[in-house]
Amino acid sequence: MRIETLLFKEIVILPELFLGLSLVYLVLHCTFLAVKKKNLLIQDSVLYLGVLVLFLSCVLVMNDCLDVLELSFLNDTIVNDYVSFSSKIVIGSLSLFCLLMMQPYLAGQKINQFEYILLILFAVLGLFLLCSSNDLLTAYLAIELQSLAFYVLASFKKTSTYSVDAGIKYFIMGAFSSSLFLFGSSLLYGVTGTINFEEFRDLLINVYPGSTINTTLPDISFFDVGLIKFGLIFILISLLFKLAIAPFHTWAPDVYEGSPSASTFFFAVVPKLAIFVLLLRIFYYSFFGFFESWRYFIVISVILSVIVGSFGGLEQRKLKSLLVYSSISHMGYALIAFSAGTLESVQMLFCYLVVYSFSGLCVWSIFLLTRVKNNSLQKQNKDLTDLVLLGKSNYMLAIFFTTVLFSVAGFPPMIGFLVKISVFLTAIESSMYFIALLSILCSVIGTFYYIRLIKILYFEKVLVGKLYHPIKLQSSVLISLLFFLFLFLFINPTILYLFSYKFSLLLSLAV
Amino acid sequence: MLYIKNILSYILVLPLIGALILSFIPSSNKSLLRSVALNCSCLTFVLSLTLWVFFNKSIGTFQFVEKFFWIPILNINFPIGVDGISLFFILLTTLLIPICLLASWDTIQVDLKKYLIAFLVMEFFLVGVFCVLDLLLFYIFFESVLIPMFLIIGIWGSRERKIRAAYFFFLYTLLGSVLMLLSILYIYYQVGTTDYEVLLTFSFTSLEQKIMWFSFFASFATKVPMVPVHLWLPEAHVEAPTAGSVILAGVLLKLGTYGFIRFSFPLFPEACFYFAPFVYAMSVVGIVYASFTAIRQSDFKRIIAYTSVAHMNLVMVGLFSFNIIGIEGAILQSLSHGFVASALFLIIGVVYDRHHTRMVKYYGGLVHTMPVYVLIFLFFTMANIGLPGTGSFVGEFLILTGSFKANTTVTFLSATGMIIGGCYSLWLFNRIAYGNLKTQYFKNYLDINKREFLIFFPLLLGTLVMGVYPSIFLNSIHFSTNMLVEFMYF
């Protein structure tokens with residue numbers, strides 16, 4: 001399986017190498033550019049450079065040697081397989097869309113520092129590395145790389161106290177959860193003597209009840225199982241912190257609300273998939289033998305998340321807080337698939353995350369694109385009631401928003417419905433009837449706040465004369481692309497299922 | 001003859017094509033929009049009439065069957081077909097949609113384009129519900145109907161309370177049907193497919209049947225509606241525009257009974273027998289309660305809404321008699337209720353367009369000024385009571401005959417509903433049509449015009465034909481019902 005040629009080994013992390021080197025170059029380039037010319041439009045030019053760099057690294061990801069199932073590099077710390085390939089493609093295209101959608105917002109908010117774009121690219125680099133990390137330390141470093149970028153992005157609006165407050169909160173909670181991750185890793189290292197995922201799997205292969213696959217390896221009594229479980233729980237909690245899943249969600253509403261919308265947009269949509277990839281690698285690939293012990297924690301989180309997400313969103317008056325609670329409940333549904341522990345569940349989890357990320361992308365980009373006219377403060381649309389204007393001033397955008405909201409709510413006939421029932425199907429397949437029943441009832445309550453948005457869009461009379469700025473041609477082309485993606489995915493979901501099937505294949509080695 | 005084979009898929013996609021064409025017509029050109037939508041829906045109706053013409057009445061299996069692939073990787077496909085049970089529901093849908101469009105010809109001026117598109121899309125979903133032969137696809141269509149109806153109530157409803165009504169409608173139905181979704185997923189997990197004809201060959205254990213029957217019941221009973229969960233119906237009816245009420249009473253309520261016949265009966269026969277007394281009790285309570293409630297309403301539309309509840313619960317009694325007469329009567333009563341209740345809502349719409357109120361107390365003595373209107377109103381009032389010669393009589397008679405075999409007490413109690421039905425219908429007709437003209441409220445009176453007469457004419461004709469010569473309908477229904485009953489007993 002391993003190809004030992006030097007040439008091939010370097011290709012493994014070619015996209016990351018390219019992205020990193022271009023970032024170093026961009027930092028220098030932008031510094032000199034900013035000093036020299038006092039360029040007023042530096043933001044735009046850097047943004048398009050960043051888009052170019054990201055696009056090229058996506059091309060490099062696509063160009064990877066797909067005929068090979070698995071390739072590892074740097075002493076097995078970085079691995080390139082179908083899981084990392086497909087998640088990198090999704091993350092790369094999401095970030096491309098994000099960057100392009102942000103442009104009108106950044107221009108409108110007069111955020112004219114080149115660092116903003118570079119930080120986003122650094123975060124993308126971290127996410128790419130996170131997708132292909134093959135040991136606990138690399139994973140930790142990748143998480144830190146993206147988290148540090150996020151802390152700065154959250155507090156980027158230096159004049160706003162809310163933004164600084166959000167940044168600090170995010171930093172404290174992020175640092176805390178990272179330390180939990182390190183603590184868990186050190187426990188695992190102390191017990192097993194390794195931090196490599198593959199070696200974990202090989203060492204602990206005899207954990208499966210009644211399995212004596214490899215008699216040369218020590219059996220389970222050799223290790224201190226309690227400590228392994230303890231370490232695993234710490235790692236789990238830290239990653240649930242990062243995903244903002246209840247009961248570790250309390251930082252999320254403040255941080256999301258306070259940060260500049262573009263930053264919130266980015267860290268609400270993009271990183272979830274990468275963190276789930278890490279969760280899958282640790283808990284499915286390496287430690288599947290301990291399935292019964294970590295599953296309970298996940299199930300408790302599922303129950304809490306769907307309840308908190310659906311009831312918490314009911315009384316929100318701001319769009320951003322509403323989206324936070326929506327994201328909490330959606331992560332809860334994703335965790336249902338995660339807790340099922342079958343091959344299908346991994347597949348459905350990936351489908352769910354892809355569709356969730358793309359619908360989040362749509363909702364947030366509409367949120368960013370709509371700017372109220374005749375507003376001296378250049379105020380961003382913040383309250384839910386501001387959306388009344390959207391139905392009147394940009395009719396097509398309102399229709400698109402409705403479609404996406406129905407999809408996010410998991411309502412037929414949208415793609416969101418299909419992936420949601422796939423998740424519930426995995427719950428039923430592993431006999432978690434109570435979880436399925438509870439979360440489907442909570443999803444009805446959650447539907448209430450989506451249809452309240454639709455009510456605001458269509459049913460209410462406009463009292464004020466303010467309207468939205470028309471959106472740019474570039475953004476409208478992107479929006480319609482996404483719209484057709486949604487329609488196409490519903491009419492032909494087979495593509496998504498095939499894509500995710502290959503994703504789940506590699507993890508099947510362990511399951 | 002080659003094209004006749006695919007006629008069902010043409011009926012299915014034609015409204016969608018119409019909606020697509022409408023979306024390219026500028027919204028300022030209202031007359032073109034209206035005529036395109038009307039022509040499209042009329043063409044669909046003509047096509048569905050040919051469906052009836054070419055329908056083979058002497059077999060009970062599915063006809064015009066076609067199969068499209070959708071998600072072959074999960075073994076979920078898109079088969080369509082009709083049998084005697086679903087045929088008339090499709091005809092009812094395609095008949096009522098042009099009538100709805102005609103009924104809102106002048107009244108809807110705001111957002112006309114969206115309105116027409118919503119109706120055509122809803123027609124697509126409704127035809128889809130009745131002809132699809134896959135459980136998951138059925139659920140998808142069943143739920144999708146909520147979206148256009150939610151928008152129709154919310155955008156074109158008349159008062160501020162419409163938002164509450166739209167929420168009621170949406171959430172009640174959704175809450176009922178998510179339970180059904182879980183059962184569908186369980187069935188998919190057990191059988192490996194949701195294809196209807198494959199599911200018929202599978203039998204579930206007794207406990208599974210009971211649990212799944214109940215979750216299906218939660219969904220269909222909300223749609224029918226049975227009594228504790230009927231609260232959304234009067235709200236939605238009162239707030240919806242006339243055409244919305246028509247389609248709600250005419251077709252949407254039938255989704256519940258159709259679901260019972262199509263899925264609950266053949267999939268869970270044992271549970272059906274087990275829960276029959278429960279359904280009887282709820283239906284009888286529904287009939288008596290709804291009829292009494294109808295007497296003390298002051299809103300014209302609310303009265304008709306409650307009569308709908310009573311009549312649909314009578315249909316439930318017929319269905320759960322589990323014999324051919326009862327089930328055929330139930331289907332015929334569903335159809336005739338689709339004609340009569342729709343016509344009554346249109347009758348309300350006529351006076352509402354002129355006077356903009358639905359309170360009964362403002363009306364009186366209309367017979368002096370609107371004789372043709374009152375004549376039509378009288379006919380449909382009599383049909384609502386179940387006068388011999390109208391479709392309702394045949395339906396109710398068959399239902400009561402069928403349920404007499406099953407349970408005489410239930411028959412007796414259901415029959416009281418017909419008497420109370422006579423009370424409120426005649427009382428309502430009396431208040432509206434006779435007495436003195438209340439000129440202190442209204443100054444101008446205008447009898448119905450040609451367009452409005454043309455709306456009523458097909459419904460009137462259909463009700464009469466159904467009452468005088470019901471065999472036209474029963475012949476097509478008979479073999480499918482026969483197969484269903486045999487399937488349940490053996």
Side-chain angles (χ1 to χ4, degrees), chain A residues 344 347-348 391-392 395-396 398-399 402-403 405-406 409-414 417-418 420-431 433 435-448 450-452 454-461 490-498 500-501, chain B residues 23 27 68-74 76 78 111 113-114 117 121 124-125 128 136-147 150-157 160 162-167 169-190 211 215:
Chain A
E344 286 82 23
Q347 182 186 355
M348 299 314 176
K392 302 290 177 287
Y395 173 56
M396 283 316 287
I399 287 183
T402 316
T403 317
L405 281 177
F406 274 122
F411 205 77
M414 309 288 161
F417 169 73
L418 275 182
K420 195 158 146 187
I421 64 161
S422 324
V423 163
F424 288 129
L425 184 65
T426 61
I428 284 175
E429 276 175 353
S430 48
S431 307
Y433 301 116
I435 302 290
L437 186 66
L438 180 82
S439 42
I440 211 164
L441 290 178
C442 283
S443 83
V444 175
I445 296 162
T447 311
F448 179 75
Y450 301 114
I451 64 170
R452 196 177 70 195
I454 289 161
K455 177 206 89 176
I456 291 169
L457 276 177
Y458 289 114
F459 299 173
E460 288 185 350
K461 288 195 179 75
F490 181 74
I491 292 166
N492 190 358
T494 313
I495 288 179
L496 186 62
Y497 285 115
L498 279 177
S500 56
Y501 179 66
Chain B
S23 63
S27 48
F68 306 102
F69 287 105
W70 187 43
I71 322 178
I73 192 170
L74 295 181
I76 298 171
F78 191 175
D111 291 337
K113 187 168 147 182
K114 279 190 242 173
I117 290 178
V121 169
F124 165 72
F125 288 146
L136 187 66
L137 259 295
F138 169 80
Y139 179 82
I140 288 176
F141 281 116
F142 185 82
E143 285 292 278
S144 310
V145 175
L146 289 186
I147 298 176
F150 175 70
L151 294 177
I152 286 170
I153 295 174
I155 300 179
W156 295 280
E160 277 310 305
K162 67 185 180 181
I163 292 169
R164 182 185 149 90
Y167 279 162
F169 169 71
F170 198 91
L171 292 174
Y172 262 76
T173 323
L174 186 64
L175 193 61
S177 53
V178 288
L179 295 176
M180 178 165 82
L181 179 62
L182 279 186
S183 291
I184 291 173
L185 292 178
Y186 184 78
I187 291 172
Y188 174 72
Y189 170 55
Q190 288 288 325
I211 294 171
S215 63

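Side-chain atoms are counted along with the backbone in the values below, which use heavy atoms only and exclude waters and symmetry mates. Chain letters run A, B, ... following the sequence lines, proteins first and then strands; every chain starts at 1.
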With respect to chain B, which residue among A/L425, A/I491, A/I399, A/N492 yields the maximal number of heavy-atom pairs within a distance under 4.5 Å? A/L425
One should read off an interatomic distance between A/K455 NZ and B/R164 CZ, to the nearest 0.5 angstrom, of 13.0 Å
Tell me, side chain or backbone of B/F170 under 4.5 Å from chain A's heavy atoms, or both, or neither? side chain
Can you tell which part of A/I454 gets under 4.5 Å to a heavy atom of chain B, answering side chain, backbone, both or neither? side chain
Shortest non-hydrogen separation from B/A166 to A/F459 and the atoms involved: CB-CE1, 4.2 Å
Under 4.5 Å to a heavy atom of chain B? For A/L418 that would be side chain
Residues forming a salt bridge (charged side-chain N to carboxylate O under 4.0 Å, His left out) with B/K113, sequence neighbours excluded: none
Please set out all donor-acceptor pairs under 3.5 angstrom arising from side-chain atoms of residues 137-146 of chain B, sequence neighbours excluded.
residue : atom : partner : partner atom : Å
B/E143  : OE1  : B/S177  : OG           : 3.2
B/E143  : OE2  : B/S177  : OG           : 2.6
B/S144  : OG   : B/I140  : O            : 2.4

Using the benzene-type ring in the case of Trp, are the ring centres of A/Y458 and B/W156 under 6.0 Å apart? no
Counting only non-hydrogen atoms closer than 4.5 Å, does A/F424 touch chain B with its backbone (N, CA, C, O), its side chain (CB onward), both, or neither? both
Side chain, backbone, both or neither of B/F150 within contact of chain A (heavy atoms, under 4.5 Å): both
Surrounding OH of A/Y395 (heavy atoms of other residues, nucleotides or ligands, distance under 6.0 Å), is the total greater than 12? yes
To the nearest 0.5 angstrom, please state how far the CD1 atom of A/I440 sits from the CG atom of B/L174. 9.0 Å
Just so I understand: if I count every heavy-atom pair under 4.5 Å between each of B/L136, B/I73, B/I147, B/L179 and chain A, which residue has the most? B/I147
To the closest 0.5 Å, what do you measure between CD (A/E344) and CG (B/L74)? 9.5 Å
Taking the side chain as everything from C-beta on, heavy atoms only, tell me whether A/L441 gets closer than 4.5 Å to B/L175. yes
Side chain, backbone, both or neither of B/I155 within contact of chain A (heavy atoms, under 4.5 Å): both
Could you tell me the separation between the OG atom of A/S422 and the CD1 atom of B/I71, rounded to the nearest 0.5 Å? 7.5 Å
Rounded to the nearest 0.5 angstrom, the CG-OH distance for B/L182 and A/Y433 is 10.5 Å
First locate atom OH of B/Y167, then atom CD1 of A/I451, and finally report the distance between them rounded to the nearest 0.5 Å. 6.0 Å
